[in-house]
Amino acid sequence: MRLSQFFMPTLREDPSEAQIVSHKMMMRAGMVRQASAGIYSWLPLGLRVLRRVETIVREEQDAAGCLELLMPTIQSADLWRESGRYDDYGKEMLRIRDRHDREMLFGPTNEELITDIFRAYVRSYRDLPKLLYHIQWKFRDEIRPRFGVMRGREFLMKDSYSFDLDFEGAKRAYNKMFVAYLRTFARMGLKAIPMRADPGVIGGDMSHEFIILASTGESQVYCDRALTERDVLGTAVDYGADLQTEVDRWTTPYAATDEMHDAAKAAALGDRLVEARGIEVGHIFYFGTKYSKPMNATVAGPNGEPVLVEMGSYGIGVSRLLGAIIEASHDEAGIVWPDSVAPFAVGLVNLKPGDGACDRLCDDVYARLRKAGTEVLYDDRSERAGVKFADMDLIGLPWQVIVGPRGAKGGQVEVKRRASGARDELGVDAALARIAR
RNA sequence: CGGGGCGUGGCGCAGCCUGGUAGCGCACCUGCUUUGGGAGCAGGGUGUCGGAGGUUCAAAUCCUCUCGCCCCGACCA
C-alpha cells in the first residue's frame, strides 16, 4: 500500500478528550474516530489491526474445536424475559422498539440466543458436547464510557458457549477454553495471567479472568512471578487430551485481582510477589443450568429422561484488546506493534521521492516485499524526513526500511527494528533477509 | 444518576471576568528556497463562536433553557 493512496489521518497533537496512552495513540495514528460517547468508527489502519486480532482469536477457537456461527446484534426482548434477565439487566441494556412497537434490544451478550438455538435443534446426549462461538458487536450502555476502545459502549467481543451433559463435561470445555485463551493472548505478544474471579451465585472455582499486565491497567493485581515467565507457545496442545494438569499448573501459583486478594498468601511469596496494574481481556466461567433451566434446554439422557444441559461462557474483548496491546507495548514516540497484530509488517520510507536512486531502490524493495507476501506500507509522500519518521514511529510497524539519497547511491538501505530501535545499513538482499527472518 | 469542567476554522488553544462585530500556533492552498527526525520566507482560504430564546443601540462575552463531550464516583469484556 502506498501511503499517498492510503487513508491514515495522523495527528500531531493529542486530542483533548483522550486520557490514556492507548486512546491518545489510536487517535493520533488515525486508527479510530469517536462517533459518539463510547462508540467508534474504525479507520483503515485501525481496522487492519482489529482484523488481525480477530483472526488470531478465531484460529485459536477453531483449533480448540469451537465452532463459529454468527448471531444478530438485535434481539427480541421475549427471550430475555424467559431467562428473567430482561428486568434484571437494568439500564445498561439498550432497549429499542420497532415500528410494530415490539420490544427489541441491542445485545449486550448472547446466552439467551445461543440457548434458544441449542434447544431448538439438539435433542440427544449423543450430540454433546457442543462448543459454539461468534465474534459480534455488543452494546452495553455504560454510565460512563471512557478510555477509548478500552471501555466503549459498543465493542467487538468473541463469546463462546459450551453445552455438556454433566459437570465433568463442562469442566473439559472450560479447560479447553482456558488453554486456548493462554495461547490466544500469547500470540498477540501479551503476558496474560489467569486469575480467580468471583464465581458469583454459582460458586466453585470455575471462573477466571485473563489479565494482562500494563502499568496503566484499570485494577491492581498480584501474582507469583513464575506465572509471568512462562513460555506458552513452546509446546503444541492436544485438545483431545485431558488438560487438567495444564490448567492446574496455572491455577496453583498465587494470582488474584484486588477483589479476590489474600494478603497473607501474597506475602508468603516473598520476593516472588509481583504487584502490578492489570487489564482484563478475557473472562471464562461455568454457570451450570442458570439459563438451561429457565429456558428449558434439555437433551434426552442415556435412559431417555430429559437432562438440563450444563453450560459455560467464555468472552474475549476483541476491540478492547487493541487498547490493551498498546498499553502494554508503546514508547514515547508511539505504538510498538507485536509482529502478529501489526497493520503492516514493514514501513518503507522514501526520504526523497523524485530522486532517481531513491525511487528505483524503493520500487525494488516494495515489489520484492510484496512478491514475498509481506504487507508493506510505502511512504511515498513528498513530506519532510522528520514527518515521515515521526509518523512511522507513531504507527509502530515492526520494521522500517529507510531509503535516503545518502545510501541509495551505493544501493544501501537502512533497516530499523521499531521495538529496539536497532538500525543497520544493508544492501537490499540482506535487508530483505533480515526482515524475513 | 450525583459532583465538577469544557464546547471558538481540520487539530490544539486565547479572547468571555470588564459587551463594540473574532485571533494565535499547527494543518491546508500557491510560489520560491530547503531536504536523514514534525523546515524558512512571501502570499492565500477557512468560522452559522454547540443550539434555541432573552437582555441591549450592539452578545463569543451577560441571563435562561437545551444538546454534546470530558473528568471523579457507583457499573463493566
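Residue numbers start from 1 in every chain, and the chains themselves are labelled A, B, ... in the order their sequence lines are given, proteins ahead of strands.
- Checked by atom type and distance alone, the side chain of His330(A) pairs as donor or acceptor with a backbone atom of Ile326(A) at under 3.5 Å.
- The pair Glu280(A)-Arg320(A) does not meet the salt-bridge criterion, since no charged nitrogen lies less than 4.0 angstrom from a carboxylate oxygen.
- Among residues two or more places apart in sequence or in another chain, the side chain to side chain contact (heavy atoms under 4.5 Å, CB included) test is passed with Arg102(A) by Asp98(A), His100(A), Met104(A).
- In this structure, Ser16(A) does not reach the C11(B) phosphate: none of its side-chain N or O atoms is under 4.0 Å from OP1 or OP2.
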Expected rows: protein N/O vs nucleotides 75-77 of chain B N/O, under 3.5 Å:
unit_1: C75(B); atom_1: O2'; unit_2: Glu92(A); atom_2: OE2; d: 2.7
unit_1: C75(B); atom_1: O2; unit_2: Glu142(A); atom_2: OE1; d: 2.8
unit_1: C75(B); atom_1: N4; unit_2: Arg146(A); atom_2: NH2; d: 3.1
unit_1: C75(B); atom_1: N4; unit_2: Arg151(A); atom_2: NH1; d: 3.2
unit_1: A77(B); atom_1: O3'; unit_2: Glu280(A); atom_2: OE1; d: 3.1
unit_1: A77(B); atom_1: O3'; unit_2: Glu280(A); atom_2: OE2; d: 2.2
unit_1: A77(B); atom_1: N6; unit_2: Gly152(A); atom_2: O; d: 2.6

Reading nucleotides 26-34 of chain B from 5' to 3' and marking B where a protein heavy atom lies under 4.0 Å of the base, S where only the sugar-phosphate is that close, and - otherwise, the string is SS------B

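- Within the 4.0 angstrom heavy-atom criterion, no nucleotide atom of any strand lies near Asp159(A).
- Gln412(A) places its CD atom 15 Å from the C1' atom of G36(B), with the value rounded to the nearest Å.
- A distance of about 5 Å separates the C1' atoms of G9(B) and G47(B), rounded to the whole Å.
- Cation-pi geometry between Arg95(A) and Trp80(A) is not satisfied (NZ or CZ under 6.0 Å from the ring centre, within 45° of the ring normal).
- Within 4.0 Å of Pro15(A), counting heavy atoms only, lie sugar-phosphate atoms of the nucleic acid but no base atom.
- Distance CE (Met8(A)) to C1' (C11(B)): 16 Å, rounded to an integer number of Å.
- In this structure, Phe147(A) atom CZ and C72(B) atom C1' are separated by 11 Å, rounded to whole Å.
- A search for side chain to side chain contact (heavy atoms under 4.5 Å, CB included) contacts involving Thr374(A) returns Ala345(A), Val346(A), Leu369(A), Ala372(A), not counting sequence neighbours.
- Residue Ile20(A) contributes atom CD1, which lies 9 Å from atom P of C71(B) at whole-angstrom precision.
- With Arg277(A) contributing its side chain and Ala214(A) its backbone, the two residues share no donor-acceptor pair below 3.5 Å.
- Atom name C1', nucleotides C1(B) and C75(B): the rounded distance is 12 Å, in whole Å.
- Annotation: proximity of residues 22-54 of chain A to RNA chain B (heavy atom, distance under 4.0 Å) is found for Arg28(A), Gln34(A), Ser36(A), Ala37(A), numbered in ascending order.
- Atom pair Gln400(A):CD and G36(B):P shows a separation of 17 Å (rounding to whole Å applied).
- A salt bridge is absent between Glu168(A) and Arg172(A); no separation between the charged side-chain nitrogens and carboxylate oxygens falls under 4.0 Å.
- Asp14(A) contributes no side-chain N or O that forms a donor-acceptor pair with the base of G12(B) under 3.5 Å.
- By the 4.0 Å N-to-carboxylate-O rule, Arg418(A) lies close enough to Asp331(A) to be salt-bridged with it.
- The separation of G20(B) from C16(B), taken at their P atoms, amounts to 9 Å, rounded to a whole angstrom.
- Judged purely by atom type and a 3.5 angstrom limit, Ser4(A) has no side-chain atom pairing as donor or acceptor with the backbone of Asp380(A).
- At a non-hydrogen distance threshold of 4.0 Å, Lys416(A), Arg423(A) from residues 416-426 of chain A come into contact with RNA chain B.
- Taking a cutoff of 4.0 Å between a charged side-chain nitrogen and a carboxylate oxygen, Lys409(A) and Asp355(A) do not qualify as a salt bridge.
- If you check the side chains of Glu310(A) and Thr289(A), you find no donor sitting under 3.5 Å from an acceptor.
- With 3.5 Å as the limit, one finds no donor-acceptor pair spanning the side chains of Tyr286(A) and Ser207(A).
- Using N1 to N3 plus N6-O4 or O6-N4 for Watson-Crick, or N1-O2 and O6-N3 for G-U wobble, each under 3.5 Å, G37(B) pairs with nothing.
- Formation of a donor-acceptor pair under 3.5 Å by the Ser340(A) side chain with backbone atoms of Arg187(A) is found in this model.
- Atom name P, nucleotides C57(B) and U66(B): the rounded distance is 28 Å, in whole Å.
- The main-chain N or O of Val309(A) is found under 3.5 Å from a side-chain atom of Ser292(A) such that the two form a donor-acceptor pair.
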